[in-house]
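To start, the structure itself, in structure tokens.
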Amino acid sequence: MRTLIALSTVLLVSLQVRAAPLTEQHQQPIVDSPSRDYAIKKFQKGVGHFSDWSRTTKKEFLIDWQAGKASEWTLVQGNEGGDLDSMTAALAWAYHLEHSTENTSRPLKAIALLQTPTDALDLRPENKLALDNSKMTSGHEDLLTIDELPEDPETLSHKVRGIVLVDHAEPLRKWSSAKILSIFDHHVDRGVAPDAEPRIFEMTASCTTIVARQMLDELEKLPQEYHLAHELLELILSAIAIDSGGLTSDSTTDADIKTSERILKRSNWSNRELMEVMENLDDELSDSKKSLDHLSLRDLLRRDWKGDLVDTPSRRTPTVSLGFASIPYSMDYQINVTEFEELFDWFAIHAAWTAEIGVDISVCLNKYKVKENGKKKKKIREIVLVVRDDVRIDEAQANSLFGVVKEAIESHTELGLKPWHRVDELAPRQMVWSHESDASRKVIRPIVEDAVMGWD
Ligand SMILES: *[C@@H]1O[C@H](CO)[C@@H](O)[C@H](O)[C@H]1NC(C)=O
Ligand SMILES: *[C@@H]1O[C@H](CO)[C@@H](O)[C@H](O)[C@H]1NC(C)=O
Ligand SMILES: *[C@@H]1O[C@H](CO)[C@@H](O)[C@H](O)[C@H]1NC(C)=O
């Protein structure tokens with residue numbers, strides 16, 4: 001009994017301390033908790049300075065919006081694929097903008113906006129793991145996602161102070177009226193917002209590297225440094241680790257390594273070896289990233305989808321909607337996870353998805369590995385091109401657009417494209433190639449976009 005009283009006291013004290021952000025805990029019958037461990041585990045949900053900051057920022061943004069003060073806010077946006085790099089870069093820069101100006105006469109209000117719906121975020125197990133590791137609330141409740149915006153982006157664009165782009169080179173069309181304050185990116189520079197400041201394009205493995213370096217440079221110049229939450233530092237290391245294969249991939253640059261080193265020194269892992277920390281993070285996150293075997297084809301298409309409207313010079317068809325999926329499985333595997341396990345069903349599910357989001361032209365980029373007898377694994381990529389004739393363009397236009405884009409892709413002989421082994425079974429305006437080059441979406445997307453923009 002004495003233990004029980006002591007335990008309840010501990011729990012009551014904890015409850016009082018934690019009461020505000022965790023109101024749902026009041027409904028827990030305290031003395032019935034099976035064990036102290038259980039209760040403490042519950043309380044650890046979304047604690048930590050970083051989670052607090054993130055939740056407070058989200059709350060303040062929504063309060064200000066309701067009070068008609070959205071004009072005070074800067075939205076830091078990652079790309080709509082919503083991978084760990086995009087998410088972390090956006091969170092880090094919003095954190096920096098707020099904290100670095102907190103004691104000045106003009107404190108900035110900044111929030112990271114994840115341009116991915118909450119349920120699509122769940123299709124990325126590595127994000128969930130990294131957020132758990134950073135003690136964020138489960139279910140992404142601390143984060144502002146696109147489906148939680150209280151107003152459509154077209155309207156909000158005119159109201160906010162401006163947007164900052166991280167991990168993409170130009171804003172989605174729906175944000176095109178917003179002022180672009182800064183850009184940090186590691187894709188191809190599309191020449192957007194030449195006056196943005198800072199405006200940094202650099203081919204680092206991780207975009208988070210570019211943001212973190214700028215953050216540290218500015219932090220170290222402040223008369224007094226603000227508190228860098230260790231959970232944020234660890235999230236930054238996670239994002240860089242997964243994109244750089246633990247700083248060992250070919251795409252890793254000096255900047256990725258040096259920035260990781262600087263971040264590590266300030267983190268809770270400062271007494272550990274950089275390469276060891278990064279390798280462990282990469283192993284842990286990459287393993288979880290690969291656990292997608294439970295996903296349906298529709299989820300695989302949605303999981304890492306990037307798309308937007310693209311203008312063409314044609315007066316008849318001023319704009320088409322173009323989308324890209326990146327899927328870490330072969331076409332053959334994807335066909336196997338459809339209900340009927342047949343090729344027709346792949347195209348039926350794909351068509352239902354592109355109809356739902358109103359996409360005229362879609363490109364799926366598949367990547368998988370095959371074991372060769374005795375040798376090490378070989379990486380194979382596939383490109384799937386499909387054009388619809390029932391969204392913005394008619395059949396004749398769709399045929400012509402398909403031809404233009406197909407020709408543009410095939411003109412890149414350095415890719416070494418081969419027609420897919422079941423190409424004979426495809427319908428008009430469907431094409432699948434396979435290749436063994438390293439060309440990812442970063443390379444293919446500009447090729448397709450340029451072709452669409454040149455289509456007349
Ligand atoms: C702002 O003031 C607080 C409280 O004195 C301090 O903890 C924080 O480090 C200061 N931040 C900056 C950037 O000077
Ligand atoms: C991380 O470091 C901070 C101080 O730098 C410390 O307060 C905190 O307890 C540490 N957390 C962990 C999980 O080691
Ligand atoms: C797809 O299913 C067929 C028939 O069950 C099987 O032979 C093939 O190995 C599977 N392919 C993949 C990539 O899963």
Side-chain angles (χ1 to χ4, degrees), residues 48-54 56-57 60 72 74 76 91-111 164 182 198 211-233 236 262-263 265-268 289-301 303 325-350 364-373 375 377-384 418-426 432-436:
H49 177 78
F50 186 52
S51 169
D52 277 351
W53 166 77
S54 193
T56 306
T57 307
E60 283 170 357
E72 296 177 9
T74 300
V76 186
L91 284 166
W93 194 248
Y95 187 95
H96 173 72
L97 285 181
E98 288 217 325
H99 285 79
S100 61
T101 58
E102 64 191 352
N103 302 331
T104 65
S105 54
R106 288 192 57 220
L108 287 177
K109 292 181 176 182
I111 186 164
V164 173
S182 316
V211 170
R213 183 184 57 200
Q214 186 74 18
M215 177 180 90
L216 292 176
D217 289 350
E218 292 187 12
L219 174 74
E220 286 164 8
K221 283 194 198 117
L222 290 174
Q224 190 196 337
E225 290 198 0
Y226 60 80
H227 172 65
L228 258 175
H230 70 89
E231 296 94 345
L232 172 60
L233 296 167
I236 289 173
R262 289 169 76 190
I263 294 285
K265 281 209 185 96
R266 291 170 174 272
S267 81
N268 272 28
K289 185 177 181 175
K290 282 182 206 129
S291 50
L292 301 174
D293 293 352
H294 59 292
L295 295 188
S296 65
L297 175 59
R298 184 174 182 277
D299 280 345
L300 288 173
L301 290 165
R303 194 183 71 86
S326 293
I327 304 180
Y329 292 105
S330 68
M331 198 66 185
D332 290 333
Y333 172 91
Q334 294 171 41
I335 289 171
N336 280 2
V337 301
T338 63
E339 186 186 348
F340 295 104
E341 300 176 32
E342 298 274 7
L343 182 139
F344 75 83
D345 207 15
W346 191 97
F347 284 94
I349 293 167
H350 173 272
C364 299
L365 301 170
N366 305 328
K367 181 174 76 176
Y368 63 102
K369 286 181 180 155
V370 288
K371 274 195 206 101
E372 288 186 312
N373 295 344
K375 287 190 219 143
K377 286 181 180 173
K378 191 162 73 165
K379 204 191 288 172
I380 314 270
R381 292 178 192 265
E382 291 165 341
I383 304 176
V384 187
K418 283 185 245 154
W420 181 52
H421 67 101
R422 296 179 68 180
V423 80
D424 297 344
E425 297 168 60
L426 300 176
V432 184
W433 298 270
S434 76
H435 65 104
E436 290 173 33

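In listed order, ligands and their atoms are each counted from 1.
Here the straight-line distance linking atom NE2 of His227 with atom NE2 of His49 works out to 5.0 Å at 0.5 Å rounding. Arg381 CZ to Ser330 OG: the interatomic distance, rounded to the nearest 0.5 Å, is 14.0 Å.
Inside a 4.0 Å radius of atom 4 (C) of ligand 3 there is not any protein heavy atom.
Atom numbering of ligand 1 starts at 1 in the shown order; those under 4.0 Å from a heavy atom of His99 are 13 (C). Close contacts between ligand 3 and Tyr333 involve ligand atoms 13 (C) [criterion: under 4.0 Å to a heavy atom].
In this structure, the side chain of Asp345 does not engage the main chain of Thr338 through any donor-acceptor pair within 3.5 Å. Within the 3.5 Å criterion, the main-chain N or O of Tyr95 finds a donor-acceptor partner in the side chain of His99.
The closest protein non-hydrogen atom to atom 12 (C) of ligand 1 is Asn103 ND2, 3.2 Å.
By the 3.5 Å distance cut-off applied to N or O atoms, Gln224 is counted among the residues near ligand 1. Some N or O of Asn336 is nearer than 3.5 Å to an N or O of ligand 3, by distance alone.
For atom 8 (C) of ligand 1, the candidate residues are Glu102, Glu98, Glu225, His227; the nearest heavy-atom contact is made by Glu102.
Note on ring orientation: taking the six-membered ring where Trp is involved, the planes of His96 and Trp93 are tilted (angle from 30° to 60°).
Side-chain atoms of Glu98 and Tyr226, non-hydrogen and from C-beta on, never get closer than 4.5 Å to each other.
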